[in-house]
Amino acid sequence: MIGLQLLGSIENDGYIRRSLQAIVNDLALSQGFYCTIEEVEQVLKKIQTFDPPYWCQKLTRVSFVAALSKRYFHLYVSNATKIIEEYFEEFSKKHYEKIQKRLNITDDQMKCVLVLLLSSTPNQDR
């Protein structure tokens, strides 16, 4: 039941934008099926392992980290992951120089990290 509700909540671009609490409420009200947010999260994590990558993601930092973890090992993955986990707001505002200074990396390294990040962005419309 949880999986079907989650699958029905996926929008055309592959994201779930509804809160997990809203999904729990829908299951209770429309299906008479009672569960916890933790149970919904468990099923969501399982669905997120399916192909294609990024499918059924919540549009958050988790989407970026999941996208990076799906990619092959790359020299710049650790910096890219650090940017998303620690400097997500700066990244979303394109404050790349500020991030570069905080990571203490060269211009070329930053360019490579940005290429990796932008190619891993869980946005189907790029």
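Heads up: numbering here begins at 1 and tracks the sequence.
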**Student:** Would you say L6 ends up clustered with M1 if hydrophobic residues are merged whenever their side chains have heavy atoms under 4.5 Å apart, either directly or through other cluster members?
**Tutor:** yes
**Student:** Check for a donor-acceptor pair, side chain of Q109 on one end and backbone N or O of T106 on the other, with a separation under 3.5 Å.
**Tutor:** yes
**Student:** Checking side chain to side chain contact (heavy atoms under 4.5 Å, CB included) for the pair I83/F88: CA distance, chi angles, key distance, verdict?
**Tutor:** CA-CA 6 Å; I83 288 170; F88 186 75; over 6 Å; no
**Student:** Is a salt bridge present between K93 and E89, judged by a nitrogen-to-oxygen distance below 4.0 Å?
**Tutor:** yes
**Student:** Please output the side-chain donor-acceptor pairs of residues 26-34 that fall under 3.5 Å, not counting sequence neighbours, one pair per line with the distance.
**Tutor:**
unit_1, atom_1, unit_2, atom_2, d
D26, OD2, R18, NH1, 2.6
D26, OD2, R18, NH2, 2.6
S30, OG, D26, O, 2.6

**Student:** Mind checking what makes side chain to side chain donor-acceptor pair (under 3.5 Å) contact with E39, not counting sequence neighbours?
**Tutor:** T36
**Student:** Which residues pass the side chain to side chain donor-acceptor pair (under 3.5 Å) test with Q42, sequence neighbours left out?
**Tutor:** none
**Student:** Return the set of residues passing side-chain contact (heavy atoms from CB on, under 4.5 Å) with V24 (not counting sequence neighbours), or none when no residue passes.
**Tutor:**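 Here the qualifying residues are Q21, C35, I37, V40.
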**Student:** Quick one: side chains of residues 94-105, donor-acceptor pairs under 3.5 Å with protein atoms, not counting sequence neighbours, listed by atom name and distance.
**Tutor:**
unit_1, atom_1, unit_2, atom_2, d
Q100, NE2, I105, O, 3.1
Q100, NE2, D107, OD1, 2.7
R102, NH1, E90, OE2, 2.6

**Student:** To the nearest 0.5 Å, what is the distance between CG (L20) and CG (L44)?
**Tutor:** 6.0 Å
**Student:** Find out whether K46 and I2 are in side-chain contact, i.e. whether some heavy atom of one side chain is under 4.5 Å from a heavy atom of the other.
**Tutor:**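 Result no, sub-4.5 Å side-chain heavy-atom pair not found.
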